[in-house]
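Order of the sequence lines sets the chain letters (A, B, ...), proteins ahead of strands, with each chain counted from 1. Note that the coordinates shown come from a computational prediction; the quantities given were computed from them, not determined experimentally.
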Protein chains: 2
Amino acid sequence: MKFKKNISCNDCKLKCDIYQALSESGKDFSIINPLHVYYDRHENICKQGSSVTHAIYLVEGSAKLFIEGLNSRNITLYIMTPQSYIGLLSFFETPYYSYSVKALEDSHICMIDLDCIKKLYIENHNFLLKLNKAFGKSVSSILSKIITLNQKNIRGRIADSLLYLSKLYNNDQFTMLLSLKELGELSAISEENVVRLLAEFRREGILNVEGKKITIIDKKLLEKISEVG
Amino acid sequence: MKFKKNISCNDCKLKCDIYQALSESGKDFSIINPLHVYYDRHENICKQGSSVTHAIYLVEGSAKLFIEGLNSRNITLYIMTPQSYIGLLSFFETPYYSYSVKALEDSHICMIDLDCIKKLYIENHNFLLKLNKAFGKSVSSILSKIITLNQKNIRGRIADSLLYLSKLYNNDQFTMLLSLKELGELSAISEENVVRLLAEFRREGILNVEGKKITIIDKKLLEKISEVG
DNA sequence: CGCGAGCTTGACGTTGTTCAACTAGAGTGG
DNA sequence: CCACTCTAGTTGAACAACGTCAAGCTCGCG
């Protein structure tokens with residue numbers, strides 16, 4: 001279930017890049033028609049293969065960005081938290097989504113018509129540079145992910161994912177919003193092996209695992225495992 | 001060995017996007033200072049980790065774009081032929097190359113100062129849209145490559161690579177510029193298995209292999225293998 | 001002629017997926 | 001309130017897929 005709302009940028013508590021760009025341009029906020037949509041956990045925010053019509057900005061909550069592969073096996077590239085562009089590719093001239101995004105918790109997004117964005121970045125260099133920066137960063141993280149998935153063993157891959165999560169939550173202790181299957185998709189590992197590896201790391205005193213609550217005890221060692229892969 | 005030359009855009013036979021953008025803008029060609037560089041086969045055109053200073057355009061020849069992984073094992077993402085942007089990422093705000101590019105044959109490239117490019121695309125929307133399009137396409141091909149590398153077996157992966165090459169050369173018969181090791185890097189397969197698979201495909205009447213000259217006999221079957229993976 | 005790079009083949013071992021069966025907890029309806 | 005079902009997690013065993021090692025080959029080049 002999701003419901004939609006029209007909220008004027010003036011009333012939105014989040015002063016995003018787009019808001020700033022509009023301010024800088026001295027434009028009237030009425031030219032963009034931001035559509036706010038609320039998604040429940042597990043709902044698709046955008047779907048691989050469908051056409052790109054709006055720029056999507058994550059206002060609240062979190063979501064995973066993944067590519068849908070063969071036999072409905074997915075690979076999660078990264079997890080998004082506010083404020084980030086969900087439809088990053090959509091700023092560029094791509095007709096269809098080459099990935100999907102699904103809410104990890106109840107989330108709130110803002111959709112803005114593509115033409116507005118285009119007008120905006122053509123006028124406002126600063127906004128364009130911000131978009132470019134975000135995009136470049138995202139691409140370079142994807143490239144290093146390719147190496148990780150291809151050349152590290154499952155121990156190294158899951159170590160990577162755990163370190164990634166701890167960095168994302170900015171804490172060595174965090175409560176995953178991911179199921180074990182989803183953690184597997186983040187590391188391209190089968191669910192069964194995720195279980196085995198977490199148990200292994202716990203036995204080795206690297207982790208503390210209580211349900212979804214994970215505490216990294218020996219970070220140095222975890223980083224070592226991630227490197228050696 | 002490589003040598004450099006200053007060639008004015010007026011004297012360059014290749015009327016690239018940048019040339020066109022300059023024409024459209026009604027600018028003087030002297031504001032850009034295109035540096036033409038000639039590389040031998042096997043030479044690095046740009047190196048992962050080094051800083052991005054210029055936009056690079058492939059004028060003549062061909063090159064492979066690859067990411068350098070662990071234990072000097074690489075993964076080739078795609079092969080570039082004229083006219084394409086080698087430093088595609090460099091148009092965006094990325095300080096360092098997240099990949100390397102190496103010449104597959106003697107090649108000729110053109111380097112243009114980043115600031116010039118930036119000025120140009122800020123002024124010229126059409127040029128910006130062209131860049132965006134090229135970039136979006138490149139990213140979506142990378143995403144589908146991730147799935148291929150991760151979820152297809154080696155038969156499917158090498159079938160993919162062979163079909164990719166035949167499309168690149170626009171012919172079911174082509175002479176690879178790649179060594180078998182390099183073909184392996186394009187498919188994330190060990191050199192030994194590349195040999196075995198090519199022999200297998202030949203025995204099955206799918207391919208004809210004479211040295212580097214490959215002829216695809218049964219394309220339908222090859223496509224089937226690529227799909228089933 | 002000898003050397004080295006690229007290619008080729010066989011044997012072997014590791015890695016990680018898959019299957020199958022079982023457990024625990026949460027939600028549902030009689 | 002208890003049986004149920006459904007999902008998520010857990011464990012073991014078997015198997016297949018690939019990479020790796022080792023050895024030998026061929027061809028071009030100094």
Side-chain angles (χ1 to χ4, degrees), chain A residues 40-42 64 69-75 102 104-105 147-161 175-203 207-214 225 228-229, chain B residues 40-42 64 69-76 102 104-105 147-161 175-203 207-214 225-226 228-229:
Chain A
D40 288 343
R41 167 155 171 70
H42 296 310
K64 59 172 179 173
L70 284 45
N71 308 111
S72 63
R73 287 175 55 207
N74 305 326
I75 295 179
K102 195 174 258 193
L104 286 176
E105 57 189 316
I147 293 296
T148 299
L149 296 187
N150 249 281
Q151 304 190 348
K152 290 188 183 175
N153 62 21
I154 49 172
R155 267 175 80 88
R157 296 213 292 274
I158 202 152
D160 263 12
S161 292
T175 303
M176 287 196 302
L177 290 168
L178 303 166
S179 69
L180 295 188
K181 184 170 188 294
E182 284 175 318
L183 181 56
E185 288 178 349
L186 185 60
S187 332
I189 299 180
S190 69
E191 192 186 352
E192 292 93 327
N193 275 333
V194 170
V195 175
R196 281 184 260 264
L197 288 167
L198 287 182
E200 212 170 286
F201 283 177
R202 193 180 40 209
R203 261 182 273 121
L207 293 182
N208 224 327
V209 184
E210 305 163 42
K212 291 287 170 60
K213 198 170 116 194
I214 292 184
I225 292 170
V228 177
Chain B
D40 286 344
R41 165 153 172 74
H42 296 310
K64 58 172 179 174
L70 284 45
N71 309 110
S72 64
R73 287 175 55 206
N74 305 325
I75 295 179
T76 297
K102 195 174 259 195
L104 285 177
E105 55 189 316
I147 293 296
T148 299
L149 295 187
N150 248 281
Q151 305 190 346
K152 289 188 184 175
N153 62 23
I154 50 172
R155 266 175 81 87
R157 296 213 292 274
I158 201 151
D160 263 11
S161 292
T175 303
M176 288 196 303
L177 290 169
L178 303 167
S179 71
L180 295 188
K181 187 170 188 293
E182 285 174 317
L183 182 55
E185 288 178 350
L186 185 60
S187 333
I189 299 180
S190 70
E191 193 185 352
E192 291 93 327
N193 276 331
V194 171
V195 175
R196 280 185 261 264
L197 288 167
L198 287 183
E200 212 170 288
F201 283 176
R202 193 180 41 209
R203 261 182 274 119
L207 294 182
N208 225 326
V209 185
E210 305 163 43
K212 292 288 170 59
K213 197 170 116 193
I214 292 185
I225 292 170
S226 148
V228 177

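In this structure, the CE atom of A:Met176 is 11 Å from the C1' atom of D:dG9, given to the nearest Å. Atom P of nucleotide D:dA8 and atom CG of A:Leu178 are separated by 13 Å, given to the nearest angstrom. Protein atom CZ of B:Arg41 is 12 Å distant from nucleotide atom C1' of C:dG6, rounded to whole Å. With rounding to whole Å, A:Glu191 atom CD is found 12 Å from C:dT18 atom C1'. Look at CD on A:Gln151: it is 17 Å from C1' on C:dG16, rounded to the nearest Å. Rounding to whole angstrom units, NZ of residue A:Lys152 and P of D:dG19 are separated by 19 Å. At whole-Å resolution of the value, CD in A:Glu200 and P in C:dT15 are 11 Å apart. The CD1 atom of A:Ile158 sits 16 Å away from the P atom of C:dT15 (whole-angstrom rounding).
Although no hydrogens or angles enter the test, the distance criterion places no donor-acceptor pair under 3.5 Å between the side chain of B:Lys64 and the main chain of B:Leu104. Proximity of a side-chain donor or acceptor of A:Arg155 to a complementary backbone N or O of A:Ile225 within less than 3.5 Å is not detected.
Closest approach to the A:Ile154 side chain among C:dT9, C:dG16, C:dT18 is made by C:dG16 (side chain taken as heavy atoms from C-beta onward). The B:Arg73 side chain lies nearest to D:dT20 when the options are D:dT20, C:dT9, D:dG9. Taking every side-chain heavy atom of B:Leu180 into account, C:dC7 is the closest of D:dG9, C:dT17, C:dC7. The nucleotide whose nearest atom lies closest to any side-chain atom of A:Ile189 is, among C:dT17, C:dC7, D:dT10, C:dT17.
Here the shortest heavy-atom pairing between A:Leu197 and A:Ile154 reads CD1-O, 3.7 Å. The two atoms that bring B:Glu182 and B:Arg41 nearest to each other are OE1-NH2, 3.7 Å, heavy atoms only. Summarising the geometry of B:Gln151 relative to A:Leu70, their closest heavy-atom pair is OE1-N, 2.7 Å, with the distance given to 0.1 Å.
Side-chain atoms of A:Ser161 and A:Leu183, non-hydrogen and from C-beta on, do get closer than 4.5 Å to each other.
Contact annotation for A:Ser190: base contact, defined as any heavy-atom pair under 4.0 Å involving a base atom.
Contact annotation: B:Asn153 side-chain N/O to D:dA17 OP1/OP2 distance is not under 4.0 Å. Contact annotation: A:Lys181 does not reach the phosphate of D:dT7 (side-chain N/O to OP1 or OP2, under 4.0 Å). At the phosphate of C:dC7, OP1 or OP2 sits under 4.0 Å from a side-chain N or O atom of B:Lys212.
Salt-bridge annotation for A:Lys102 and A:Glu185: absent, with no side-chain N of the basic residue lying under 4.0 Å from a carboxylate O of the acidic one.
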*Quick one, give me the B/S/- string for nucleotides 21-30 of chain D, reading 5' to 3', where B means a protein heavy atom under 4.0 Å from the base and S means that only happens at the primed atoms, P, OP1 or OP2.*
B---------
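Residue whose closest nucleotide on DNA chain C sits further toward the 5' end, between B:Arg202 and B:His42: B:His42.
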